[in-house]
Amino acid sequence: MIRMEDWVTIKNLKAKDASISNRQIARQLGISHNTVKAALERTLAPEYNKKGKRQSALEPFKEIIFEMANIKKFRGSRILNEVRSKGYQGSNTAFYDFLQNIKLTKEKHFTPYETAPGEQSQFDWSPYTVFIGGKITNIYVYSYINSFSRYQILEVSLSQNQAAILEALEQSIIESDGPCLRLQTDNAKSFVINASKNNFQWNPRYLNFCGHYGFTPTRSLPGHPWSKGKVEKPFSFIEAHFIAGSSFEDFQDLHNKLKVFQQEINKRIHSTTKTAPVELFEKERLTLLPLPENRYVGIKEETRKVSYDCLIAYGASRYSVPWMFAGKLVWIKISKGYYLQVYSQSNKLIASHRLSLTKGSVNIVQEHYGSSRALQEGLETLKQKFLELFPEEELFFEKLKAQKRMHAAKELQHILSLSTLYIRDDFTEALKKAFEYNIFNHSFISGYLEKNHKQSFRIEPIGITFGTGELPKVNVKRDLIQYKLFTNPSGT
């Protein structure tokens with residue numbers, strides 16, 4: 001007898017597209033075309049007859065059968081042999097009836113695949129449209145779920161590029177106090193370069209991230225969204241209970257309220273576990289992998305050279321950084337699609353700005369320009385370096401300090417930078433000309449050199465001074481050779 005679910009599906013398919021043939025419907029549902037024909041001729045829904053005693057002997061093997069049928073994709077005959085070897089003594093007919101009901105199709109519900117504490121987490125994201133500051137804004141909500149406890153961590157960004165994805169994932173892992181043994185994702189380009197079974201290839205940068213935190217990457221096979229259903233299902237709840245009808249003053253307001261919402265859902269009784277995620281997570285937390293000493297460093301974003309007025313350029317606007325980095329190369333990174341973060345060459349966060357929506361703006365944090373004491377200490381350091389290079393020019397330094405006073409450090413920084421562009425004799429000649437005209441600033445030195453001498457090709461940095469060229473491509477990660485051994489990307 002045709003099952004009620006199949007009868008409803010067949011009726012719906014025919015109602016949506018009258019031109020679809022019985023054979024096409026049969027192929028989609030994996031049933032015979034005669035069954036489709038019989039279903040379309042019925043005017044009343046078939047009665048649903050449950051299988052009773054014949055299936056009860058298979059209940060102890062339910063999870064094993066589910067995994068072999070839906071994850072490992074074993075044939076029915078092999079699964080039957082496996083369960084018989086484990087003690088099943090029922091009939092073949094009862095087994096195949098049971099198998100038919102447990103195999104997943106797009107139209108069927110399925111029993112969730114449960115994992116042990118700390119065994120697996122899942123990660124995904126979804127786009128939404130909200131009002132921020134009275135304007136319609138596209139956002140992306142990232143969800144990270146510890147599968148055993150269902151403890152969920154939510155992050156939000158204005159971007160969904162790889163940098164934003166890894167940032168949200170990293171923040172979620174840190175907030176969890178460590179990752180699970182493996183992480184289930186989909187086949188997005190940020191994770192997978194080639195999703196085919198025969199030529200599968202992980203994204204190298206994602207593997208680098210996995211190696212830093214020590215977990216194993218696994219992925220859902222194309223067309224198998226059920227394998228990460230724990231992380232996909234909550235998005236409809238987020239849509240209904242957080243996004244719909246909400247507006248936010250600014251991005252920070254959105255982020256703060258999302259975190260309050262996160263706390264609320266983790267305190268709710270979960271429909272599957274019948275326990276609040278926050279309670280189960282206390283048990284799962286003990287099984288998580290330890291966090292590394294440092295955050296992930298391998299996000300080689302763009303570089304900028306800081307001007308001598310302590311500014312960097314990004315997106316047609318300029319942003320300040322602390323004065324001691326003037327003339328140096330720094331890393332920049334866009335966080336959550338909303339913040340500009342500036343890192344030193346040693347990967348220390350030195351400045352953070354909200355991205356300006358106005359082109360040509362100058363965004364200054366007054367503290368970046370330091371106190372008079374800090375500037376004086378910086379001047380003494382620069383003086384020491386200047387005299388190491390030109391020990392006979394102490395009088396030049398004193399004259400410059402007398403003329404420029406509060407701006408002496410900046411002027412000396414400029415002059416030290418110029419010294420890297422010209423040969424020593426030409427540069428010394430320019431310093432002597434400064435005495436003739438009694439002008440002690442970098443503009444005079446630079447103008448004289450440009451007019452009378454060609455720049456050399458010497459670009460070696462001089463101690464604390466500010467060489468030209470790109471930052472060195474240093475691999476700051478440990479070797480990830482172990483991930484080259486992954487030959488089973490399906491996550492089984």
Side-chain angles (χ1 to χ4, degrees), residues 1-52 54-55 58-59 61-80 83 90-113 124 126-127 184 186-188 192 195-198 200 219-237 239-240 271-272 490-492:
M1 178 181 291
I2 185 171
R3 299 183 312 119
M4 183 183 296
E5 291 92 336
D6 289 339
W7 180 79
V8 172
T9 302
I10 292 168
K11 289 284 189 180
N12 286 339
L13 289 173
K14 198 67 175 179
K16 291 179 180 178
D17 184 4
S19 65
I20 191 171
S21 69
N22 292 356
R23 291 187 182 276
Q24 288 175 315
I25 295 175
R27 281 195 295 271
Q28 286 188 34
L29 301 182
I31 58 180
S32 73
H33 73 280
N34 287 332
T35 302
V36 175
K37 180 180 178 182
L40 293 173
E41 290 174 351
R42 293 183 65 99
T43 56
L44 297 177
E47 295 182 4
Y48 193 81
N49 296 321
K50 292 184 177 180
K51 305 290 182 180
R54 289 196 302 170
Q55 292 186 354
L58 287 161
E59 284 298 326
F61 311 103
K62 187 174 182 179
E63 290 188 6
I64 298 173
I65 295 172
F66 179 88
E67 181 179 0
M68 288 190 290
N70 298 300
I71 299 177
K72 296 182 178 180
K73 302 297 181 183
F74 287 173
R75 289 180 177 272
S77 57
R78 178 174 177 181
I79 299 174
L80 178 58
V83 294
S91 69
N92 291 2
T93 301
F95 168 77
Y96 282 109
D97 284 344
F98 188 87
L99 180 64
Q100 184 65 29
N101 288 326
I102 206 169
K103 287 182 71 173
L104 297 179
T105 66
K106 293 182 179 179
E107 290 73 32
K108 292 180 182 178
H109 297 287
F110 60 90
T111 303
Y113 173 61
D124 203 357
S126 180
Q184 190 86 357
D186 58 16
N187 294 275
V192 175
S196 69
K197 291 183 179 180
N198 296 330
F200 178 83
R219 55 121 182 191
S220 300
L221 292 173
H224 294 71
W226 52 266
S227 59
K228 57 182 182 67
K230 296 180 183 70
V231 76
E232 289 194 337
K233 286 182 180 179
F235 283 119
S236 59
F237 188 85
E239 170 77 37
S271 59
T272 301
S490 63
T492 60

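When a residue number appears, it is its place in the shown sequence, counting from 1.
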How many angstroms lie between [atom1] in [X] and [atom2] in [Y], if you round to the nearest 0.5 Å?
| X | Y | atom1 | atom2 | result |
| --- | --- | --- | --- | --- |
| I25 | T35 | CD1 | OG1 | 12.0 Å |
| F98 | I65 | CZ | CD1 | 5.0 Å |
| I102 | N70 | CD1 | CG | 7.0 Å |
| M68 | F61 | CE | CZ | 9.5 Å |
| R23 | K37 | CZ | NZ | 10.5 Å |

For a quick test of reading the model, state the closest non-hydrogen atom pair linking [X] to [Y] and the distance between them.
| X | Y | value |
| --- | --- | --- |
| R219 | D186 | CB-O, 4.1 Å |
| I79 | F95 | CG2-CZ, 3.6 Å |
| G76 | L99 | CA-CD2, 3.7 Å |
| S32 | A26 | C-CB, 3.8 Å |

- Item | Residues forming a side-chain hydrogen bond (donor to acceptor under 3.5 Å, both in side chains) with S77, sequence neighbours excluded |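 S77: no side-chain hydrogen bond (donor to acceptor under 3.5 Å, both in side chains) contacts found.
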- Just by modelled atom types, is the L80 backbone N or O under 3.5 Å from a matching donor or acceptor in the N92 side chain?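 Between the backbone of L80 and the side chain of N92 there is no qualifying donor-acceptor contact (under 3.5 Å).
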- Message: Can a donor-acceptor pair be found, under 3.5 Å and without considering hydrogens, that links the side chain of Q24 to the backbone of S21?
- Response: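 Yes; at least one donor-acceptor contact below 3.5 Å.
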